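Structure record follows, encoded as structure tokens.
These figures come from a predicted structure and were not determined experimentally.
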Amino acid sequence: MLTVSERRLAFILGLGAINCETVTTRTTQIRTHLLLGFLAILHSAAVLALAWSWYDVAPQRWLWFGFATALLVWPTVLFFHSGRSLVRILLPAVIAAALFAIVFPLYAGVALVSYQQWRFANHVEQLLRQNPKIFLYAFGDEYSRPLVLREGYRRLGRNEIILPSDLYDDGDRIVRLDLSADPYVASTVETIGRTVDEMTDDLARENYGDGWQILRREEGAPELSEAEITASADDSSEKWDREPYKRRAVSGYAEITDREEQRALFRALAQNIRRGWNSAQCHTPHHKIYVETPTFAVSLSVCFDCENVYAFHSDDSARHYGEVMSGSIDKAAEPILNAALKRHDIPVPQRQF
């Protein structure tokens, strides 16, 4: 039987043990919190270190983006951990945020491009909901044909002054331009009164005599007929009528009527649009898909040289299709489209690059 004094002593010793245990627990919690703060800083430093080596490489780019997004977890962890204090929360958070701020423009760029790509891919997939007519077609090797000289004409020398009368086109494409438009049109027009060597467009200047040329009509050379001029203008324009797959430059076309084949084709397009990245600004397409619905028509123009795809509306009634009208596309879609061409006996085009 303990005396009163002994019971009091035991009570005091017990409180001391509890206080000692509480102090030890609190110290462990603080140390754990400090370790978590260090890991948050280390995480942000790793995001910074990997940014430029992973940014332009798929799928590392998406791994980096997810890894960077995971930084958002740390403020919550630090705030709710039992070892927290204002200083222990703010100090690692501020350091981690400062490191991340260096690569935030890259992070925001990935987020913006991803959003645009997913939105465009969704628009492509939604075309099938309209129960459309779908035509798959391809351009031949129009862009890689060797240059030819027309009888009665000669190639303009690089140092000869370009005259307005030198700029014309015919069925043989005297001025070699790609069907989609552009760089030589603007460059040549701006160079009237000067020479090819004085062009400001480096690509146009360097490719003269190889990818394109200007032929000057010699005295007595036959004039172009109205039929030749009209045929050339109709074929090279960007006007999409109801049967663009019947243009002269098209090497073959087929209507895709099987719903499973339609879904497989558009699924492949959408998946590779979502994976697309860093397309070039040029567009020299060989693969085309014409989609006609009861209310509008859209032509999907795919260029694997430039890794991009454009949606061209037939008229203004297609505005509800969406504001995003172009996007990048991964080259993994090319064998899928080529296989579809082969199934329908359409010659598979050869890319330039």
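Residues R274 and N122 are in side-chain contact: their nearest non-hydrogen atoms beyond the backbone lie under 4.5 Å apart. When side chains are defined from C-beta on, F135 does not count as touching I289, because their heavy atoms never get closer than 4.5 Å. Contact annotation: the side chain of D197 never approaches that of Y208 to less than 4.5 Å [non-hydrogen atoms, C-beta and beyond]. With a 4.5 Å cut-off on side-chain heavy atoms, H81 and T32 count as touching.
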- [ ] Kindly determine whether Y245 and Y253 satisfy ring pair (Phe, Tyr, Trp, His ring centres under 6.0 Å), including the steps that lead there.
- [x] CA-CA 6 Å; Y245 44 86; Y253 71 92; 4.9 Å; yes
Open item on the list: Please evaluate residues L269 and V309 with respect to the criterion side-chain contact (heavy atoms from CB on, under 4.5 Å), reporting the C-alpha separation (whole Å), side-chain torsions for both, the decisive distance (0.1 Å), and the verdict.
Closed with: CA-CA 9 Å; L269 281 173; V309 54; 5.7 Å; no
Task: Trace of the side-chain contact (heavy atoms from CB on, under 4.5 Å) decision for L36 with V77 - done: CA-CA 8 Å; L36 291 173; V77 171; 3.9 Å; yes
- [ ] Any chance you could lay out the side-chain contact (heavy atoms from CB on, under 4.5 Å) test for S114 and F65, step after step, and finish with the verdict?
- [x] CA-CA 10 Å; S114 300; F65 183 78; 5.8 Å; no
Open item on the list: side chain to side chain donor-acceptor pair (under 3.5 Å), that's the test. Do R343 and N338 meet it? Break it down for me.
Closed with: CA-CA 9 Å; R343 281 196 301 271; N338 286 342; over 6 Å; no
TODO: Quick one: do I134 and L128 satisfy side-chain contact (heavy atoms from CB on, under 4.5 Å)? Show the steps, please.
DONE: CA-CA 9 Å; I134 296 176; L128 288 181; 3.7 Å; yes
Open item on the list: The test is salt bridge (Lys or Arg N to Asp or Glu O under 4.0 Å); show your working for E160 and R155 and say whether it passes.
Closed with: CA-CA 10 Å; E160 292 185 76; R155 181 185 299 164; over 6 Å; no
Open item on the list: Determine whether Y137 and H287 satisfy the following criterion, ring pair (Phe, Tyr, Trp, His ring centres under 6.0 Å), listing intermediate values before the conclusion.
Closed with: CA-CA 6 Å; Y137 60 108; H287 300 78; over 10 Å; no
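For the pair A138 and P347, the tightest heavy-atom approach, listed with the atom from each and the gap, is CB-O, 4.2 Å. Contact between I161 and L156 at its shortest, heavy atoms only, is O-CD2, 4.3 Å. Nearest approach of R84 to L78, heavy atoms of both residues: CB-O, 3.6 Å. When all heavy atoms of V124 and F266 are compared, the closest pair comes out as O-CD2, 3.4 Å. Here the closest non-hydrogen pair linking L265 and L337 is CD1-CD1, 4.0 Å. Pairing each heavy atom of P244 with each of V250, the nearest pair is O-CG2, 3.9 Å.
When hydrophobic clusters are built by joining Ile, Leu, Val, Met, Phe, Trp and Tyr residues whose side-chain heavy atoms come closer than 4.5 Å, directly or via intermediates, I102 is grouped together with I41. Cluster annotation: V73 is connected to L50 through the hydrophobic network of ILVMFWY side chains, with a link wherever side-chain heavy atoms come within less than 4.5 Å. Clustering ILVMFWY residues whenever any of their side-chain heavy atoms sit less than 4.5 angstrom apart, transitively, puts V302 in the very cluster that holds V348. Y115 and W277 are not part of a single hydrophobic cluster, where members link through side-chain heavy atoms under 4.5 Å apart. V94 and L48 sit in two unconnected hydrophobic clusters of ILVMFWY residues. Membership requires side-chain heavy atoms under 4.5 Å apart, directly or through other members.
A donor-acceptor contact shorter than 3.5 Å links the side chain of H43 to the backbone of F67. Side-chain atoms of R205 come within 3.5 Å of backbone N or O of M199 as a donor-acceptor pair. Between the E125 side chain and the A270 main chain, no donor and acceptor come within less than 3.5 Å of each other. One N or O on the side chain of E198 and one on the backbone of T195 form a donor-acceptor pair closer than 3.5 Å. When atom types are taken as modelled, the side chain of W64 and the backbone of V47 share a donor-acceptor pair closer than 3.5 angstrom. A side-chain donor-acceptor contact under 3.5 Å links R88 to the backbone of G83.
Under the side chain to side chain contact (heavy atoms under 4.5 Å, CB included) rule, R31 has a single partner from T27, L35, T28, which is T27.
Considering CG of D330 and CD of Q117, their distance stands at 10.0 Å, rounded to 0.5 Å. The distance from atom OG of S85 to atom CD1 of I30, rounded to the nearest 0.5 Å, is 7.5 Å. Within the model, atoms CD of E307 and OG of S328 stand 7.5 Å from one another, a figure rounded to the nearest 0.5 Å. Interatomic distance, Y310 OH to S301 OG, rounded to the nearest 0.5 Å: 9.0 Å. The CG atom of L34 sits 12.0 Å away from atom CD of Q29, with the distance rounded to the nearest 0.5 Å. A distance of 7.5 Å separates OG1 of T257 from CD of E261, quoted to the nearest 0.5 Å.
With sequence neighbours left out, R263 forms a salt bridge (Lys or Arg N to Asp or Glu O under 4.0 Å) with E260. Evaluation of the disulfide (SG to SG under 2.5 Å) rule for C303 yields no partner, not counting sequence neighbours.
At a cut-off of 3.5 Å, with distance as the only test, no side-chain donor of N272 or R267 sits close to an acceptor on the other residue. Judged purely by distance below 3.5 Å, without hydrogens or angles, the side chains of R259 and Q262 pair a donor atom with an acceptor atom. Checking E292 against Y290 by side-chain atom types alone, a donor-acceptor pair falls below 3.5 Å.
Among residue pairs with one or both ends in residues 99-110, those qualifying as side-chain hydrogen bond (donor to acceptor under 3.5 Å, both in side chains) are T69-Y107; sequence neighbours excluded.
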